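Nothing here was measured: the structure is a model prediction, and the numbers come from that model.
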Amino acid sequence: YIYMTPKYYENLTGKNTRYNTVYVKINNVTDEMENSIADKWMENDNIITISYVSDMVDSVADMLDSLNVIVLVLIICAGALATVVLYNLTNINIAERVREIATIKVLGFYNSETSAYIYRENIILTIVGALFGLLLGSVFTRFVIQTIQMDMAMFSREIDPLSFVWGFLLTMVFAIFVNIIMYRVMMKIDMVESLKSVE
C-alpha cells in the first residue's frame, strides 16, 4: 500500500483520482445503528460492500480464542513429554546406581539424604535443560509468528518476560512431580539383595 495525496497521484499518473474505498468514523455507534446504516448505504448501487472494524476485531478475537485452545493443548503435551523424559532418565539413573544407593542406606543415611543424592543431578539437569529450552523456544516462537503472519492481522513478535518465568516454573513443577513419584521407587530398594548382587 502507498499513501499519497490526490494531487500527487494525478501528477504521477496523469489521471483523475477515483476513490474505491471510503473510511468513515462513527462515534458512539451501537450494533443496531451499524446494521441500519449498512442497510441504508447498501441501497446505493455504487457501494459493493460495507465492513466494520468491530466485525474485524470480533473475527480476530474468535481466531485468537481458537489459538488459545491450541496453545493449551501444546502446553499439556509438552508437560506430558517432560514428565515421561524425566521419569525415564531418573529411572535409568536409579537402576544403574542401585548398589550405591543401597550402600548409602546401609551406612545410615536418612531417606532425605539418600534421595538428595539422586535428585541433585535431576534438578541441575532440569535447570540447564529449561534454560536452553527457553533460548531455543524464543527463536522458534519468532519463526512461527513470521510464518503465520497475515495481511489483515499482525501478531506481536515481542515475548512477555513473564512467559519465560511461567515456562521455567512449569518445567520445575514437572521435575518435582517426577521426583516425588521416584521417591517411592528409591525407598523400595532392598539393601541386602542389592548389596548381594554381583556387578
Side-chain angles (χ1 to χ4, degrees), residues 59-150 152-199:
S59 65
V60 170
D62 291 340
M63 182 181 66
L64 290 177
D65 285 342
S66 63
L67 276 177
N68 286 339
V69 173
I70 294 169
V71 169
L72 181 63
V73 169
L74 285 174
I75 290 171
I76 292 169
C77 291
L81 179 64
T83 304
V84 169
V85 169
L86 287 170
Y87 179 84
N88 285 335
L89 286 174
T90 308
N91 205 13
I92 291 168
N93 196 3
I94 291 171
E96 289 182 350
R97 300 166 77 176
V98 169
R99 279 182 66 99
E100 292 177 43
I101 295 168
T103 304
I104 289 171
K105 281 183 162 189
V106 168
L107 291 174
F109 280 69
Y110 292 111
N111 289 340
S112 59
E113 294 171 323
T114 307
S115 58
Y117 180 67
I118 299 294
Y119 291 164
R120 199 174 295 119
E121 293 178 18
N122 283 0
I123 296 298
I124 291 170
L125 288 173
T126 304
I127 290 171
V128 171
L131 293 176
F132 273 111
L134 291 173
L135 289 173
L136 289 174
S138 62
V139 173
F140 285 127
T141 301
R142 285 190 174 86
F143 171 74
V144 169
I145 293 296
Q146 287 176 350
T147 304
I148 65 170
Q149 191 169 292
M150 301 175 293
M152 296 204 46
M154 183 175 177
F155 299 103
S156 174
R157 294 180 190 173
E158 298 298 320
I159 301 173
D160 187 6
L162 198 59
S163 299
F164 291 105
V165 174
W166 278 112
F168 185 81
L169 288 177
L170 281 172
T171 305
M172 295 310 295
V173 165
F174 291 126
I176 291 167
F177 174 70
V178 169
N179 286 344
I180 291 169
I181 293 171
M182 296 310 294
Y183 182 80
R184 292 183 179 182
V185 175
M186 222 180 311
M187 292 306 106
K188 288 179 182 176
I189 293 174
D190 187 3
M191 292 181 280
V192 178
E193 290 300 321
S194 298
L195 291 173
K196 279 184 187 175
S197 64
V198 178
E199 290 186 355

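- Under the rule for a side chain to side chain contact (heavy atoms under 4.5 Å, CB included), Arg184 has no partner lying at least two apart in sequence or in another chain.
- Judged as a side chain to side chain donor-acceptor pair (under 3.5 Å), and not counting sequence neighbours, Glu113 has no contacts.
- For Ile75, the side chain to side chain contact (heavy atoms under 4.5 Å, CB included) partners are Val71, Leu170, not counting sequence neighbours.
- Taking the side chain to side chain donor-acceptor pair (under 3.5 Å) definition, one finds that Asn93 meets it with Arg97, Glu121, sequence neighbours left out.
- For Phe177, the CZ atom counts as loosely surrounded, since its 6.0 Å shell holds 12 or fewer non-hydrogen atoms of other residues, nucleotides or ligands.
- Annotation: the span from Ile176 atom CD1 to Ile123 atom CD1 amounts to 6.0 Å, rounded to 0.5 Å.
- In terms of heavy-atom proximity, Ala175 sits nearest to Leu86 at CA-CD1, 3.6 Å.
- Val173 meets the side chain to side chain contact (heavy atoms under 4.5 Å, CB included) test with no other residue; sequence neighbours excluded.
- The CG atom of Asn179 lies 12.0 Å from the CZ atom of Arg120; values are rounded to the nearest 0.5 Å.
- For Thr90, the side chain to side chain donor-acceptor pair (under 3.5 Å) test picks out Asn122, with sequence neighbours left out.
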Compile the donor-acceptor pairs under 3.5 Å between side chains in residues 128-143 and protein atoms, sequence neighbours left out, one pair per line.
from: Ser138; atom 1: OG; to: Leu135; atom 2: O; distance (Å): 2.7
from: Thr141; atom 1: OG1; to: Gly137; atom 2: O; distance (Å): 2.6

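- We find the OH-CD1 distance between Tyr183 and Ile181 to be 15.0 Å, quoted to the nearest 0.5 Å.
- With rounding to the nearest 0.5 angstrom, the CE atom of Met182 is 4.0 Å from the CG atom of Asn91.
- The side-chain hydrogen bond (donor to acceptor under 3.5 Å, both in side chains) analysis of residues 61-87, with sequence neighbours excluded, yields no pairs.
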